[in-house]
Structure formats: C-alpha cells, structure tokens
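Working notes, beginning with the structure itself.
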Amino acid sequence: MNALRDLARQLLEAGEVKVVIGYEDSRRGVRPAFVSDPADVDRLIFDARCVHNLATYLNPRRGHVKRLGRAAVVVKGCDARAVAGLLREQQIAREDFVLIGVRCGGVFDTPDATGPLDAASIAPRCHGCTVREPSLPEHVVGDLPPEPPVGRDLDAEVARLMAMPAAERLAFWNRELAKCVRCYACRQVCPLCVCERCIVDKTQPRWIEPSAHTRGNLAWHLTRAQHLAGRCSGCSECERACPEGIPIHLLNHFLAGVVRDAFDHVVGDDPDAPAPVGAFRKDDAEEFIV
Amino acid sequence: MFEPRIVAFVCNWCTYTGADLAGTSRLPMATNVRIVRLPCTGRIDPLFIVKAFERGADGVIVSGCHPGDCHYSEGNYHARRRFRLFKELMDFTGIDSDRVTFSWVSASQGQKWADVVNGTTERIRALGPFEGYPGSEEVA
Amino acid sequence: MARIGVFVCHCGENIARTVDCAAVAGSVADHPSVVCSVDYKYMCSDPGQNLVKDAITEHGLDGVVVAACSPHMHLKTFRRAASNAGLNAYLVEMANIREQCAWIHPRTPETTVKATDLVRAMVEKVKQNVPLEPIRIPVTPTALVIGGGIAGIQAALDIAEAGRDVIIVEKEPSLGGHMSQLSETFPTLDCSQCILTPRMVDAYQHPRIKLYTYSEVEKLEGYIGNFEVTIRKKGRSVDIDTCTGCGACMEVCPSKKALDEFDMGLRTRTAVYTPFPQAVPNKPVIDREHCLHYKAEARAIARGKPVKAVCQKCAKACAADAISFDGGDELIKEKVGAVVVATGFQLYSVAKDQPEPYLEGYGEYGYGADPDIVDGLQFERLASASGPTGGKILCPSNGQAPKTIVFIQCTGSRDPAKGIEYCSGVCCMYTAKHAMLYQHSVHGGRAVVFYMDIRATGKGYDAFTRRAAEESGAEYVRGRVSAIYRADGKLVVKGVDTLGGEPMTVQADMVVLATAIRPQPGIKELAQKLSISYDQHGFLNEAHPKLRPVETNTAGIFLAGCSQAPRDIPDSVAMASATAAKVLALFSRSEMEREPQVAKVDQATCSGCFHCERACAYGAVEHLEVKDRRGNVLRVVAQINPGVCQGCGTCAANCPSKSIELDGFTDAQVFASIQALSL
Amino acid sequence: MSEPSNLKHIDRAQLAGLVEALAGAGTAVIAPALRHDARGTVGYRTVTTMADVVLDKRPDNALKSFFLPPTEPLLHYERQGKDVTLTPVDPSIGPRVVLGALPCDAAGLPIVDRVMDWDYRDEPWFGRRDATTVIALACDKADSACFCTGVGLAPDGASGSDLLLVPAGDGFLVEVYSDKGQALVDLHPAFFGEPRDQEQAQAFRAGLGAALSHADGLDPAAARAWIEGHFIDPAWPALALSCHGCGACAMVCPTCHCFDIVDEQEGVAKGTRRRNQDYCQYGLFTLHGAGHNPRGDQGARIRQRVSHKFAIYPDRFDAILCTGCGRCSRACAAGIDMFEVVERLAGLQADIDEETPTGGDL
Amino acid sequence: MRFGYYPGCSLHATAREFSESLLTLVKALDVQLDEVEDWACCGASSAHATNHLLGVALPARTLAIAEGQGLDNIVAPCAACYGRLAGAAHEIEGDAALKGQVAEILKRPLGTPPEIINVVGFLQSLLPEIQPRVVKPLDGLKVACYYGCLLLRPHKVTRFDDREQPESMEQVCAAVGATPVAWNKRIECCGAGFSLSRTGSVIRMGREILDDARAAGAEAVVVGCPMCHSNLDMRQPAMNRGQAGAGALPVLYITELVGLAMGLDPKAMGLQRHYVSTQPLLDRLSTAVAVAEGEVS
C-alpha cells in the first residue's frame, strides 16, 4: 500500500502525471478515486475489494477524464488486458499514460464485500488467473498475495447451460433478457466499448430496436456479445454494473471459449498480439457450412 | 400445411449466379425463399439475419463463394468467422440454429442451390413457425 | 416523398407462363410511393425501354424497378435507358422474377405472390437508392516494368510502341536476364543472343523507355493510375554518360577473383566489369565487394581509420575520366500509373545449404559438389559460343570433352521430398535441346536422359523431343537417379529404368541436372512492397487462375513471365504482351471510370478501431487525422480510397458502429429489402 | 404525517387469503418476489400466491416501472396506398393491487403525479395510478444507502400508500389512508379483523430510526441553496469523474420519469410509436439533431440530475424528487453515493454561511 | 553417468563382441548402463513385416517397462533394435488412437517414451569422456565408416545427421585418431535381409562394398550394426573368393575401435571372435604405438 502511495506521490510531484486513478475506501465500500494532489495520495488503497476495472477510464469516450491530463492508472493483471485491447485497436497511445500494476490475490464479486475472500465471495474472473503479476505496466507494486481460493468457474456455468435442452436455454435467456431496461450500464462501464456512436444509437436505419422488449433486448445483447468476441478482456464489469442482475458476462465468456476453440485465440495483455477480429485462417473449421 | 418464410442473403458472384443457373436449368424449387442480393458474404452482418427473424422470417439462408473462390479473394473467410460466432451464440441462447442454413454455392452449382432451397424449406417446415420473441409487446 | 415506377416484363411467355404479370403490376400499384406500375411483353425491347423512358418523364420518377430477368442480364440495359431519359442510372434496380421465380416454380398463386414480394422488396430498396456517379480516377500514363529480362523487355516495347512512357528497373548492370545466358533456344535451335540482343538495343534506344539498370525498387506507394515508385540506383562508380565502354578499365583491374555470375561461376571476372560483351548498356560497373579500393575503404571504416585511396588503376586508365569512387546509392522517385512485374526466376540448387527451411538438397548426388555435376544454366554457358569454353562442351574438372553425359530431369521439381511439388515446365524441352547440342558438339558421345514424364505441350515441342530421342540418339530412360558418386575418375550414376524394370548404372564424365525453377530471391520482400500476394514458393498470385491470369489482386499491378510461375520464352513473351494490353487499356483514357460501388466512412461516428482496415483485402483503408482549428489531432479515423476499394463491403459488416456504408448496398437499402421480404 | 382514517389487523393467513382472493377475482397483485433468475434477485412482479411474495428483502427494481414502464406502445401506424391509419393503444388497464411496497417506493408516486398532471394530464400514468391500490409495508430493511428520513420521509411513512402494514403480533396492523384503501378493506371484509397488538406495532416503529441515524440532520434545503448559486462550479465535474454515464440510477429510481418517444418500423410503411424510459446521464439524452449538445460532458449531466431532484423540481413542484431509497447508490458501478452527494453539497453551503455571518447592522 | 540399456538378441548371440566391447568401454568410462528389466524382442524383420500392430506393440512393451523403471533414455546398440524402438516411440507419439490401442493390448499405461539412442550417437555424446582417455592413438588407421541402412532410415524416425551424406561415424573415428577414408558405398545396402534366402545376391552386394572400401585405401571397415557385421565379417571369405588382391579387411564394431584407442584389452572386447582375423591389425597398431613410444629402434 505504501509502495503504491509513494509511487503515486512521486509521479504527481515529478509532474509525470496530472492525476492518479486508483481506488479509495468509502462508507459504502471501495470505489474509484481520482487523485491530483500529492497531498491526497494517502486516500489510495488496494485490497481484495478493488474489483473495478479502472482501464475503462482510459477509454477515449471519457472526455472528462482525458481533460485532467496525463493519467497514471492502477491496474490488476486482468485489467491490463483491457488496456492492451485499447492499445491494440489504436484507441490510446502508450506514451499518453502510466500504468501502476498491482500484484493481486483475487478480488471479491462486489466492492462492498466483507468477510473472508472465499469460494463463495471471489469474483469468477479470478478462476485460474494467470496474470496475478501484471506484465504490461511499467511499474508494479505490492507483494504477491497468496494463491486465491478457487471460486465459481464460468466454464462450468456455460457447460451447465449447454447441457440443457435448447428450449430450456431459450426460456432461461428470455427470462433474463426480459429484465433488461436498456440502461446500457453494461456498455458504459465496458473498457472496450469504444464506439463513438454505438450501433444501438444508429437510427438510419435502426438495426437494433431501442425499446426494452425481448426483440430489442435480444438483438442488443447478441450484438454486444459479438462485438466483444475476441476483444473482451473478461473483467465482467458489464455484469456487475447491471442493475437487474442479468448474467451478461456469460455471453462474453461463452464466445471467448468459441474464439479460443475455433480461432485458437485467447485475449492476453500483449498489445502487439494479433487480434482474431478482422482476421481469418484459410483452414478455419466450417463444419456448419453445407 | 405450414409455409415458412425464408430469406436468403447471397453473394452476387457465386450463389446469385448459381441461383440464376438453377433457373436457366429449370430446376424446380419451393416458393418459400426470397433472395437478397449482396456483393459478397463479407458484406453480411449477422444483424441482417436477426432483423429477418424480427420481421417474421421462419428461416434464413446465407450463401456465398466456396473458400478460395471469393470474387474479392477474402470476403467469405471473414464471413465464415462472423457466422461461426453467430451460429454458436444462437445455440447458446437456445435459438435453434437449424433455422439458418450456411452454405457455399458456386456459380456452377445450380443443383446444389436447388437442394439448399428445398432442404431448408423442408427443415423449417418441420420446425414450424419461429417464435423467438415471446411477450415483445408485454408491458412490465 | 419518393416516386417509383414499376415495370413488369412478361419476357414473352418465359415469365408470363407461370407468373400472372398483370396481377403483379396491379398489386404493386398501390404500394406506398409507387406512382406507376405496368406490365409489358418484352421490357428489354426498344418499345419496352421507351415505355420506361416515357414513364420517367411523364411521372417524374425518382426510382425505377424493372421486374424481369436477372440483373446480370439486363441491369446495364435499363440503367442506360434511364440515364438517357435523364434519371440517374443508379436509381434503377431489377427484380429477378425469371431465373429466380418464373423458371423454377409452377403456375400457382404462390409463384405470383413471390414475384410480387420480390418486386415490393426492390421498390423498398430503390426508395433508399441515391444518385451515384461513376468514380473517375486520373491516370498517369507511364508504366513501371520491374525486370529487364525478355518478359520485361517485351512488355516495355509493346507499351512504348503504343506511345506510352515506360520505366524499366533492372537489378543487374545489363538488360537481358536469363535469356541472354542461353546458347540456343528450343524448339528452333536459333541462337538466343541473336534474337534477344536486337530487342535489348531497341528497348535501350527507344525514346519512350527510360532504363534504370543496376537498380531496384525500394518502395511503391499510391494506387492504380497513381503510383509513386522509389528506385534505388546502386552506385556503379562509372558514369554511364561519359563512359565510352572502351573496356580499358577492365584490362588494368588487378582484382580478378570474382566468380562470373553471367557464366554461372564457370570462370572469374574483374571487379570492374560488364556482365557480357553484348551488355546493354555496354558500360561497366564496379563490384564493390571485390574492388581493392572499396575493400580497403570498408576495412578502414570498420577500424575507424581514415579512408585512403587504394589501387584505382581503373580510374587512371579511364581516358574519359568516367570513374569516380565518391558516389553511393541514389534514390529516385517516379510517378507511374501501372506496374508490370517481370522479375524472372532462379534455379533451385542441390547444395546442402538451402535458402528456405522447407527445401532440401540432393545428398544422394553428393550435393552437386563435384565440378562435373552442373545445372542447366551452367550447361548453357558451356554450350554457348560466348561462354567460358567458347561453345565447346568440356568437363569443368579437366577440360576434356565428356564421352558420356547424363541428363537428369526433374531435379527438385515434382519431388515433394525436396520441398518442391510443382513441375518446372521447361526442363523437358531444354534437356532435349541440351542432348542435341551435346550430340552436335561431341560426336559419337553417349547421352543418357533420366526423366519421369516428357511434358512437351507447346507448338512443335513434341516433335522436338522426339528428334532428340530418335534422331540425335539420346538414350531416354524413364526413371530416377538414386545416387551419383565418383569412382575411378568417373561419375557413377546409379538409377533405375522403370520401363525395363532394371536398375542401371552409367559411368559418366559429366552430369547435367535440370534443376527446378524458383522465383527470384527477394521476391517476397518485393511482393510486400507492392502489397501483392504470393504462394508458398514465392511465385506471385494472379487475380484469377483462369480469367485474370496476368492481373493481381492489387489493381494496376500485372504479372509476366516466371514471376508468376515457371514459363518458357514463348509463354513469357505472350504474357508480357498481355500485360501490355492491360496497361494500354488502362492508359487509353486520361481518367479511369469505375462502378461507384465503394465503401464510405462516416467520419463523425468512426472511432478509429480499424477493424475495417484489418478486414480489407485491398489495403483501401487509410488513416485520416481529424484536427481542430489549431491543427491538434483530435481523432484518427478511417478513410476509404475509392480508387483502391473494390466494393465487397466486408469492412461495412466488420464495422461495430455501422459507420461504413457501401454505395449500392447501403444498410438502408438492405434494411428496406428485409423489411419488405420477411413479413 | 397524516393520520390513518381507520385501523384494522390482518394476520399472515388472511394476507395469503387476500392475495388469492384478489388474484382469483382478476386483480393483478404486484409484490416483491423472487424473480427466479440466474442470480436469484428479488423484484416487484405480478404474483398469484403469497408463497411467492418476499417481504423481508428490498426489491431491486423500482415500483415506478409498473406506472411508467421501460417501454410501452402508444400507437400503431400503417400506410396503405395514399392514406395512413393510426391505431392508439388503449392505456386503461384492469384493477391492480401492490402488496408490500417499500414506503419510499410508494412515496415516489405522488411526487411524480405532480409533473404528470402539470401542463397536461398523462393518461397512461394516471390510468395505471387510478387502477392501482398500494399497500405499503413499514420498512426495517434500511442500509447505509438509505436516507428517506433525510428527505422528510419515514420508513413507516404512508405517503403514496392507500394502506400501510406495520408488523404486529401474528400479522400486521393495517392503517387505512385513503378511500381506495378503505374500499379494498370493505370489498374483502373476511380478511381484515379488528386492530390488536398495537403496542407491538408501536415498538416496531420505534426501532426503525436507528438504522437511519446517519441520515439525521441531512439538510437538502442547504444543498438546494448551494445548487441554486453554483450552476458553474468545479464541484460538478469533480463529482462526475468516476461516473460511467449509464442509466442504471435513473432506471431504478422511484422518481426519475424522463422518457423518449421512438417509432419502430415493423415492416413496410408500418410500425409502432413507443414511449421508452430515458435517462439524463447518457450523452445522447440532450444531443440535438444539429449535433450540438447543451450537456456536452458528464459534469453537466450529473449536475442536471442532482439539480433536478433537489432544486429544480422542488422549485417548480414543491417536492424533492427523491425518496432517499438509495437504489441509485446501490446500482452505481462507480460507487457514487447519493446520500454523500447531498451531504457534501449541503456542507459546501454551510461553509459559505459561516463565511458570511448574518445580522448585526452596520 | 547413467543410461538405460537394451541389448536385444544379437548382442547375446552373433554380436557378442559388440556387447563385450560396449560394456568394457562403458566400464572404462565409468558410465552405468541400466538394462531394461524383462525386455522382449524388438520384433525386427519379422514382426513388423507380418503385423503392423504387433510390430509396434512389441517394442512399445519394452518402452513402457523402461518408462516404469524411470529410464528417460535407452541405448540400443543394435541398429535394428534401435530402428524398431525409435520407430514404435515415433508412431505412438504421433497417433493417440494407436497409443490407446497399444496401451490396451499391453495392459500398461504409456506415457512419454524414453529417448532411444543409437551406438554412434551414444559414443558421440561421450566424446568429451573418451578423448582424454585415448592412450593408443590409432596412428591414422584408415577406416571406412559403413553406416548401412538401419541407422539412417526412415529419416523422420532416426533423424540421423544426414540420410545421404552422414558424418557422425567419421567424426567419432577421427576423434580417436583414425583416418576415415572418403568412399562411396557407406550407405549401400549390405543385403542382410536376404542373408539366408538369397545368399548369392548378398555376397555380390557385400563384395562391391568391400571393394570400394579397399579402393579408398581402407585398412578396416567400421560398423555399428550386427547385421552389417555378420554379413561383411562372416561372409567375407566368400566375398573375397576369386578376387585377385582382395586382402582380408577386418570389420570392427565402432565400439571396438574406440576401445582399442583407449588401450582396452582386445580379448575383453571380443576381437578374437571375428571371422576375419583382427590380429594383423592389432599387431600393426601395437608396433605403431611402440614406435611412437620409441621402444623399438
């Protein structure tokens, strides 16, 4: 924690950055913090409640954050994947920001969690984590905490769904998507939803109906998932942000599996790694095509 | 007997020409299929398919040049990846992906086009009308 | 509010037999925005077309749908008719109710319903059509020809003769390419130099041909009609204009150890040299690897010592004072409208070290290390009057005429074990030629040819190979050679006669390997500079193997000769002329016209993720910087070059925010069709 | 707080009976219940049996959605030949009863009534309001996000309720606050007994304040004063930094009532005009057709939301557009805490007041 | 150093000297060879010719045992054994289905098979140990290194340095002071497969090999394969018969040659077992050494 604060202080005092985007405690759990004054760096903390993916504040849509000037962002290994995605798609330039990597022992599902980090409370994204030691950031602080407990495995949830008869699966998703009120929290919180004008807001023509009926909701969520296929960094912030508790991230996770199996690609934190989007292999499987 | 509505999105160079060939060869086909001509399967966004279903289609056919034959050399490879994601996603959300036929039909495969049209029509007829949008009008 | 006209064609009985055309026209009549809907027997006939034209003026139509045959058949017809009547051609669409309706369905109500649906859908689409103008791209009527071999020369001459400017870039000091190394040519056995040299001179002296020898393509930018090429002119140290080509420099040059490339290493040359006596231009260059001065200079620089003048005998010997050791490479920019790639070939080598990981040498032939094992081109030099032996075929090892000579075809070619599965095409023919040349040169000598098949498909080719086998008495043995080694001063060639079913051993004095034809070294780098594709062997890919054999997928770049695949001289020349025809067609107008079916980016909503760029097979997507008044870059967005875009629309489908529209097949048009079709 | 016009008692068995009776008679019963979804969330939904009802958890969605749905069709249009036919959707619905509403949700309804009956009377809204009888349940589920007491409401307040239930003995004390409420009681006398165990109800009520102590002394008036004086102030963009600009807060808010009108094409020249809930935190909300956006950044948007609730609406309709339910704070992925925001703004005003002492002639 | 060891049948019978020389050699180098317990026939020549599955399963059994024994490599001096073991390892590694089938047959789990090492590779890897121990440099003894076929083929299995122009035997011989001659029949077939069925052909083929070695001036032929050895040694009298000037050409196992250079006891290495006497060669060497040591003047 001190290493984090010291580094933040140095960066601010040296004028290397104008703001440090990290985490702070509050009466209702941990939340994102924007520290511009070296005197305030002691607000910064990092612990297992720091579930937010702060990479989203590097998203070029965040004009009001951009205006603060050069930022240093605190990222976990998994968050760095999203940063890599933004770099890969030329949305941000590496020299325009600083990354403060934090060694991570797993995070809770919610930022106001209390009690021990256990199988029940740990975020699914931590399952089989390979990036507890971030590699992309130029600074990495903190000691590597012990192995996190094994929690929910989304592969298992996907498998459970796929095991259902199609009709049941359809019912499941209809039930979930019927709750969607189209607040677009899923999109707004997503570090990789970078579109200047989201397709759902295009009116000429209007491919995706903006109304919160199953027609519009299905079109929206199918499209959203496809647009993130091969790009989604797996932070599942979309699901955390959803006020209706829709398991949105299952769709992303499912497609990540498809991309892995069919396109032999896993989203990592190497900005120079080729993306499967807009790419192909001549021998891509096509057993579904007659 | 239930007569399904089927929309076909086909590329201009291979499948559309193949469909023309089927015509000049007078190959009998079900009347259920309506073709939308596009330059290339690469142009086809899965939203075309979604929209067709929203508008009441019971089935969709997507067809283009065989790999390696694309008039634009690579369009169908890109399309193939797009369709893979969409097809898997349909299955995952429980929408019967049997309602969509993905096929490669070359300009010389009039007979294959006829088979695709008739086969798909029979299959969709067996599946019955598409009812993927329960309660679209329901108010909370 | 749109005003659409619908014209339903009976096509005689072709459509009317199964579709109730009147009913179609009738039911579409009250479709929103349809202001006139008629049916007629032959819409494509003059009266039919007039029907359309008149309706356009009478009803002030801003959209026309012709329900008839396939658009592939008559769309152009009706678009022309419309524009004659003053309606933009691209406001016309066709509903295909013949091939895709009338001809495949019986006469039932459903058939007519389907026809009506197809028409409605087209009406809905055409409502979304916008007037388009064909794209006009200015063309720089100058051609760049890469490679000064026979293919390059032929293409250049054809284009220049038609009155267009040509720039030839040749990496060697002289024009001529491999053909200039050949002794005689099949199937006529006329002297290669004799037929080639005049062409070389013509090209050199042609007022419309600019020649860059000892030069290479550094970079190519732009697109069809508007390329800019950067040419690296390698420092030749001999001023080509003042040099008289007297050759005095070569006489005094003390460095004589450089292997002579032109003679395939069968003899050595001086450091200052012209590749061969008939070189064009006949002006020497200094080979800096072997020149004593440049070697000394390199050493000095390496050791950080001052550079001193060493040797320079040639400069002193040069009466014209044409030699200078100061100049280095020079970069020159030229504007061209089209490019012909004629970079030719190299021979596969049987040596142990191979340039590509997938290639393997011939250990069983001792990796060709024996001086008397030569390849086809070396044999050409041995047989050539201008060659190291003055045209006498002699063993390199001892200068004796080979009493027995073995020719082995398909060395490398058609041998997947060595990494090359393709047929090199020319070997059957030149081996037959070699056998004949040998018989002419060494009387009573024995020539054995090991072959897999004889592929002699050209005009007069089969007769030629028969002559070799039947008249000049070469022994043709159908079979492969398993080993070559030297014993008792002879080359022991162990092979099998598959027709006789016997293994056989030949005690030979010389072995000639008809080694496979491979593309030039550096072809892949060049292809990347030109952004054209190549196959796993590096041969450049044509746009279509049958219908567009000399075009590439990059508009304005064409292929001739062995750059595309193994070719013999007649094929290379034919291809070259074909490229010339393509280039001249392109140059025939000061502006190119292209169908305006191209993609456009909405820069207001583009977020610059460049999925479009990744998906574009043509490199048509460019980066555009959006700046504020003060010139600060706000965003970088995509921009599509209409000259390069081919209109497939893959970018549009790949664009997550739907910020790309493909004219002719816009989202609005597709959307409208779907709305009409699915209900 | 207004006094109940009548008192009754209903035990749990009777309550169950009431639900069945209502449902049986074709009255839609809306109550907090398990939504049987993947995450086992609780929300207001239509139920047919007490077994589904969950009274000890706070529903995630806002009761508002049953009066101003996320989406509702207004009319269908179709063009044939030259003429267009419009078919309005009839807003009137059958009778409904909301059972176990949170007092803060119930309280939102009369607040929104004011704007819905302002320049014209919003028929769909009042159609549903009139058809619905609201039975609230005194609330002991307060958490740190809650601050109803801070905006002048109470966990056992009856604003917006026709009947208020307060736990008492084997059931609930039923307080009647409206004719509509009385009518329901009269219609189903079998399920309502004479009031008893009232002292237990009293005790229950007495215990509710503790969980809300943090909201004591919240001064929305001071916040309003500051807002009215600081349209331009660095506090706004600072507040917006972490905001994701989504509509979660508005969607779950019992008082946010903005909507958008869209036409959805459903074939050739036909479609439906719909009213969809909209939300001011999202950039497109005020984006003009010409491309100008008066609320160009998140600071302006968050200022709008807070100002609207605590200054503009009070100014125009004499009511704070907030019931302190805390849903926005719970829903916010960026941890923006509405209670804290109001407290902060009020604090800023307090600082100003200290700097400028009042009284004392010169 | 320790290696796994698979003698195979030849080294217990026709090629005892091969086994003896190898074991003497490793003893001198204190390299330990752990013999695979209960090893079975490699199946050479008969098994794979009759039944492919059997041809794989037989050696696979040995591999499985070795693996169970914790051996991560096996030295298989006999070229045929080497070929079969390496071949089986290659096949089951490349074919999961086959692997399962074989495991089923053997009722043993099959993991990663041990690395199979041929005698030449084995000696090559030991050169750092060998060279310091060379006490009787071979005084440029001209040797013809004869590879035969089994060490080299199939290349994808053996990965021997170069299937057509191998060098490793020459390298080993040169390293211990012999002078490998350049000759042409190094990889020619010796005909062992037909040793009994078409002896005539074998005699002819062997003769051509020996003649070429003599022509190149070889004083001995060096081999790494019992089949080659039995052919060229046992049948040499027949091969030389009626050949003017065809002096007897001793055929040494490469292990014997290296052993001699290290001054190991020829008897211990079984040099007396050869059909073509090795005595003249041994004499020639000892004098050479003597001269070198200046004992005789």
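Chain naming here is simple, since letters A, B, ... match the order of the sequence lines and numbering starts at 1 in each. What's counted below: heavy atoms across the whole structure, side chains too, no hydrogens, waters or symmetry copies.
Proximity to chain A is limited to the side chain of D:E264, based on heavy atoms less than 4.5 angstrom apart. Contacts of D:Q281 with chain A are absent, with no heavy-atom separation under 4.5 Å from either backbone or side chain. Interface residue D:S242: backbone and side-chain heavy atoms are both found under 4.5 Å from chain A. Residue A:F34 touches chain D through its side chain alone, counting heavy-atom pairs closer than 4.5 Å. Interface remark: D:L241 contributes backbone and side-chain atoms alike to the contact with chain A (heavy atom separation under 4.5 Å). Heavy atoms of A:P247 lying under 4.5 Å from chain D belong to its backbone as well as its side chain. Contact of A:E244 with chain D is made through backbone and side chain together, with heavy-atom distances under 4.5 Å. Neither the backbone nor the side chain of A:T203 comes within contact range of chain D, judged by heavy atoms closer than 4.5 Å. Heavy-atom distances place the side chain of D:N276, and not its backbone, under 4.5 Å from chain A. Looking at D:R327, there are no atoms closer than 4.5 Å to chain A (heavy atoms on both sides), in backbone or side chain. Contact of D:C249 with chain A is not made at all, since no heavy-atom distance falls under 4.5 Å. For D:A145, the parts sitting under 4.5 Å from any heavy atom of chain A are the backbone and the side chain alike. Residue D:R275 does not touch chain A at all, counting heavy-atom pairs closer than 4.5 Å.
The candidate from A:S211, A:P32, A:A185 with the greatest count of non-hydrogen atom pairs under 4.5 Å with chain D is A:S211. Chain A forms the most heavy-atom pairs under 4.5 Å with one residue out of D:G283, D:A331, D:G245, D:G43, and that residue is D:G245. Chain D forms more heavy-atom pairs under 4.5 Å with one residue of A:E237, A:R61, A:R67, A:R31 than with any other, namely A:R31. Ranked by non-hydrogen atom pairs under 4.5 Å with chain A, the options D:A248, D:S144, D:S329 are led by D:S144. Most heavy-atom pairs under 4.5 Å with chain A: of the set D:V252, D:D297, D:D60, D:D337, this distinction falls to D:D337. The greatest number of non-hydrogen atom pairs below 4.5 Å with chain D, out of A:R182, A:K179, A:R197, is found for A:K179. Interface summary for chain A: among D:A334, D:P237, D:A333, the most heavy-atom pairs under 4.5 angstrom belong to D:A333.
Under the 4.0 Å criterion applied to side-chain N and carboxylate O atoms, A:R187 and A:D201 are assigned as salt-bridge partners. The pair A:R206-A:E209 does not count as a salt bridge, with every side-chain nitrogen at least 4.0 angstrom from each carboxylate oxygen. Look at D:R39 and A:E239 and you find a salt bridge, because one of the NZ, NE, NH1 or NH2 atoms lies within 4.0 Å of a carboxylate O, short of that distance. Between D:E343 and A:R27 there is no salt bridge, since none of the side-chain N atoms of the basic residue sits less than 4.0 Å from a carboxylate O of the acidic one.
Between D:F339 and D:F147, the ring planes lie tilted relative to each other; the angle falls in the 30° to 60° range. Using cut-offs of 30° and 60° for the angle between ring planes, the A:Y23 and A:H52 rings count as tilted.
Considering every non-hydrogen atom in both D:T255 and D:K309, the closest pair reads OG1-NZ, 3.0 Å. A:L68 and A:K18 get closest at one heavy-atom pair: O-CB, 3.2 Å.
A donor-acceptor contact shorter than 3.5 Å is absent between the side chain of D:R35 and the backbone of A:R175.
A:N252 has its side chain within reach of A:R224: a pair of non-hydrogen atoms, C-beta onward, lies under 4.5 Å apart.
Taking the ring axis of D:Y282 as reference, the NZ or CZ atom of D:R301 does not stay both within 45° of it and closer than 6.0 Å to the ring centre.
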Trace of the side chain to side chain donor-acceptor pair (under 3.5 Å) decision for A:D118 with A:S121 | CA-CA 5 Å; A:D118 56 24; A:S121 59; 2.9 Å; yes
